[in-house]
Novice: 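Pasting a structure below so you can have a look.
Just so it is clear: chains get the letters A, B, ... in the order the sequence lines come, proteins before strands, and each one is counted from 1. All values below come from the heavy atoms of this structure, side chains included, with hydrogens, waters and symmetry mates left out.
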Amino acid sequence: MEKKEKTYVEDVDRSLYDFRNVDEDVYKVEEGLTPEIVKQISKEKNDPEWMTEFRLKSLEIYNNKPMSNWGPPIDGLDIDNIVTYVKPKNNKMSADWNEVPEDIKSTFEKLGIPQAERESLAGVGAQYDSELVYHNVREEVAAQGVIYTDLESAMHGEYADMIKEHFMKLITPDDHKFAALHGAVWSGGSFVYVPPGVSVEIPLQSYFRLNAPGAGQFEHTLIIVDEGADLHFIEGCSAPKYNVANLHAGAVELFVGKNAKLRYSTIENWSKNMYNLNTKRAVVEEGGTMEWVSGSFGSHTSYLYPMTILKGDDSKVEFTGITFAGEGQDLDTGLKVVHVGERTLSTVNTKSISKSGGISTFRSAVVIGPKAKGAKSAVDCSSLMLDDISRSDTIPVMEVNCDDADVGHEAKIGRISDEAIFYLMSRGISEEDARAMIVSGFADNVSKELPLEYAVEMNNLIRIEMVGSIG
Amino acid sequence: MSELLKVNDLHVSVEDGEILHGINLSVNPGETHVIMGPNGAGKSTLGYSIMGNNHYQVNSGKIFFKGEDITELSATDRAKSGIFLTFQNPIEIPGISLSNFIKNAYDTKNGSRSKLWDFRKLLEKYMEKLNMDKSYANRDLNVGFSGGEKKKAEILQMLMLKPDLAILDETDSGLDVDAVRTVSDGVKAFHENGDGALVIITHSTRILESLDVDYTHILVNGKIVATGDASLVDEINANGFEKYLED
Ligand SMILES: Nc1ncnc2c1ncn2[C@@H]1O[C@H](COP(=O)(O)OP(=O)(O)OP(=O)(O)O)[C@@H](O)[C@H]1O
Ligand SMILES: [Mg+2]
């Protein structure tokens, strides 16, 4: 295959995400889930003792929890067939791309990661299957005291106590079955700590690539932005397509300190055999700001509802998201906001697109606590269906326990109009481009929020999705 | 050279009913044709059919452009070969700026990517000519434009894309006195700078003031019932369509 740069070309073809590497000499555990497998993972990862116990406890919870009985079906997913831990061959995390095994390095090169790192990122973490293969942060950022590393090594270092104090405290194994599963078999992910008052000027990015067929990826991201600090973190993910189910059940825990600000951007482009059952949660202290930017394009089935707890007074959250469900995809996304503090503010703006029989469901849950005087929430979601066989739903839930609160919800559901397509075609634009333009236009206020190369990528993804959509 | 556009016994229906019952029309390069007719006669339908809106179904008859049978061609290909239609009701498209939209069409038409700077200068030149505020270039296509502003944006596209045949569907309605003059001048410039032929669908005469009309056609109930020269426009203005209506 000729070499192409992911984010800098006009038309990306699927092969950019679909290439796979043959996995030879990799270390992996048996399929399925038993205490032995969990112990084996724990040993392999050189866990501290508390973590081994935590894993086993989580496994117990997992075994006792029922599957969820709402949302899209996940019958196609059988944990007994999932390999929960796959360690790339000769794995050792490095801060030098030249030390990363050739085929893995070339994977990330095709995805444009080292290039983006040189051009526009303050640090990069790259995970391949279950383990990090690369982690590096710019010197000047490290000099500010910013920690950006893998959780595993951080657990043994200077920040061991901080991790023990925060790890799975926001998302606990009791939350739901897949949070418990995560607690039992998590591996990889990133740890970020930004000290008080430090502003990281350009983003950090972690990229998760799942290569092994029939495997699961369970990375854990833990970010602590201390008082008055400021960070933009980007998460990207993709996988080649296989005809067996893959599972992603990561967890993201974000702690936004007093007057601190965190922007968390995600472009998720899992392949269409992926079950993406991801859990993300943020807690925001007084005067802090949490911003989510989220693009969900891939996976067979998704359950994804980032939650924000506005704990401190005057804390706020902004959520901007887009979901694109194509053929065979059932994407159940949304968000939850819990207003605890006074004058807390939530602003939500989402778009969902469905085509070729895709289903996209948007659930928003806004809870105004009894003490959240003067809280304000504005939720605005629009969906666009590109044909008659696709579905889009919005399911808003509001729970207001405080009479001095202002809560608004607006939903629009529409179809792409033939007249609009004809209008663009009458100017010489092809039908395919006309559709893509209308869809990109619909998504415009979301793509504006993305870092430039991601906005380009999002438009490329839309274009890829639109090709062949003319019946 | 032979005709630019030739419409041969065209029958068109939409949904279940036939709207056009055998239209014949010939337009030569550089000519200006006017089509008048009562509301609902089928004028816009004719414009759509020539442009290739496949919601409007051709039952029989043919359309030739530059000698080629285009009856089966997509709107895209018709536009590429040089046909342009201003819409009676231009469509609002959120998230695409007027400028990006025109640039996209402009580059597609020219088969090459224009330099942004050169493109902007050309666009602004025409915007000035049409008395449009430059800031409109960055606004979403037609979104929140007033009726008159939408019409100007249509003419702007025509000026930029320089088609060989422009069909103007009631471009003058909704424009104030000054705007009609501005637009009329714009149309005149288009006409004079190239060999651009015009088919102007209108209910009024003001847009025609600065143009030399070669032919006037009266369309009633899906048929062209009379064809004359420029004087027919004045006659219709004075007497209306009454004498052409079947009873
Ligand atoms: N998309 C459509 N669906 C159903 N009927 C249509 C459609 N388009 C046109 N028609 C019908 O076809 C007939 C002709 O309409 P058309 O718009 O061509 O008239 P017109 O001559 O342009 O009228 P006006 O002067 O009011 O613009 C009308 O009876 C109209 O209702
Ligand atoms: Mg009309």
Novice: Would you call A/M425 and B/S74 a side-chain contact if the rule is heavy atoms closer than 4.5 Å?
Specialist: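 Answer yes - side chains close enough.
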
Novice: Taking NZ in A/K376 as the centre, count heavy atoms belonging to other residues, nucleotides or ligands within less than 6.0 Å. Is the count above 12?
Specialist: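 No, because the 6.0 Å sphere around NZ of A/K376 holds 12 heavy atoms or fewer from other groups.
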
Novice: Is the count of non-hydrogen atoms from other residues, nucleotides or ligands lying under 6.0 Å from B/E18 atom CD greater than 12?
Specialist: yes

Novice: In Å, rounded to the nearest 0.5 Å, how long is the span from CG of A/D433 to OG1 of B/T76?
Specialist: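 Between atom CG of A/D433 and atom OG1 of B/T76 there are 8.5 Å.
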
Novice: Measure distances from A/Y423 to the heavy atoms of chain B and classify the residue's part below 4.5 Å as side chain, backbone, both or neither.
Specialist: both

Novice: Looking at A/I429, is its backbone amide N or carbonyl O close enough to the side chain of B/T108 to form a donor-acceptor pair, meaning the two atoms are under 3.5 Å apart?
Specialist: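 Absent.
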
Novice: Taking CZ in A/R391 as the centre, count heavy atoms belonging to other residues, nucleotides or ligands within less than 6.0 Å. Is the count above 12?
Specialist: no

Novice: Taking the side chain as C-beta and beyond, is there a heavy-atom pair between B/F101 and A/L424 under 4.5 Å?
Specialist: yes

Novice: Using only non-hydrogen atoms and a strict under-4.5 angstrom cutoff, which residues of residues 195-202 of chain B touch chain A?
Specialist: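 Near chain A, by residue number: none.
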
Novice: Tell me whether the count of non-hydrogen atoms from other residues, nucleotides or ligands lying under 6.0 Å of NZ in A/K280 goes above 12.
Specialist: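 Correct, the count exceeds 12.
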
Novice: For atom CD of B/E124, decide whether the heavy atoms of other residues, nucleotides or ligands shown that lie under 6.0 angstrom number more than 12.
Specialist: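 Above 12, so yes.
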
Novice: Under the ring pair (Phe, Tyr, Trp, His ring centres under 6.0 Å) test, which residues partner B/H217, sequence neighbours left out?
Specialist: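 With sequence neighbours excluded, B/H217 shows a ring pair (Phe, Tyr, Trp, His ring centres under 6.0 Å) to B/H33, given in chain and number order.
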
Novice: So, for B/A105 and A/R427, which heavy atoms are closest and what is the spacing to 0.1 Å?
Specialist: CB-O, 3.4 Å

Novice: Between B/I102 and chain A, which part of the residue has a heavy atom less than 4.5 Å away: side chain, backbone, both or neither?
Specialist: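 Neither; nothing under 4.5 Å.
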
Novice: Can you tell me if B/K188 has over 12 outside heavy atoms packed within less than 6.0 Å of its NZ?
Specialist: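 No, not enclosed.
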
Novice: Among B/P163, B/S97, B/G95, B/G52, which has the most heavy-atom pairs under 4.5 Å with chain A?
Specialist: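 Greatest number of close heavy-atom pairs with chain A: B/G95.
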
Novice: Counting only heavy atoms not in B/K162, do more than 12 sit closer than 6.0 Å to its NZ atom?
Specialist: yes

Novice: Nearest 0.5 Å, please: how far is CE in A/M437 from CG in B/N104?
Specialist: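 Reported value, rounded in 0.5 Å steps: 4.0 Å.
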
Novice: Among residues at least two apart in sequence or on other chains, which ones pass salt bridge (charged side-chain N to carboxylate O under 4.0 Å, His left out) with B/R139?
Specialist: none

Novice: Could you grab the distance from atom CD1 of B/I96 to atom CG of A/D444, nearest 0.5 Å is fine?
Specialist: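 These two atoms lie 8.5 Å from each other.
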
Novice: Determine the option with the most heavy-atom pairs under 4.5 angstrom with chain B, choosing from A/A443, A/A434, A/A420.
Specialist: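 Greatest number of close heavy-atom pairs with chain B: A/A420.
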
Novice: Assess whether atom CG of B/N24 is packed by more than 12 heavy atoms of other residues, nucleotides or ligands within 6.0 Å.
Specialist: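 Yes, CG of B/N24 has more than 12 neighbouring heavy atoms, counting only those of other groups under 6.0 Å.
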
Novice: Which residues in residues 77-94 of chain B have any heavy atom closer than 4.5 Å to a heavy atom of chain A?
Specialist: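 Those residues of residues 77-94 of chain B which have a heavy atom under 4.5 Å from chain A are B/A79, B/K80, B/I83, B/F84, B/L85, B/T86, B/F87, B/P90, B/I91, B/I93, B/P94.
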
Novice: For B/N142, is it the side chain, the backbone, both, or neither that has a heavy atom closer than 4.5 Å to a heavy atom of chain A?
Specialist: side chain

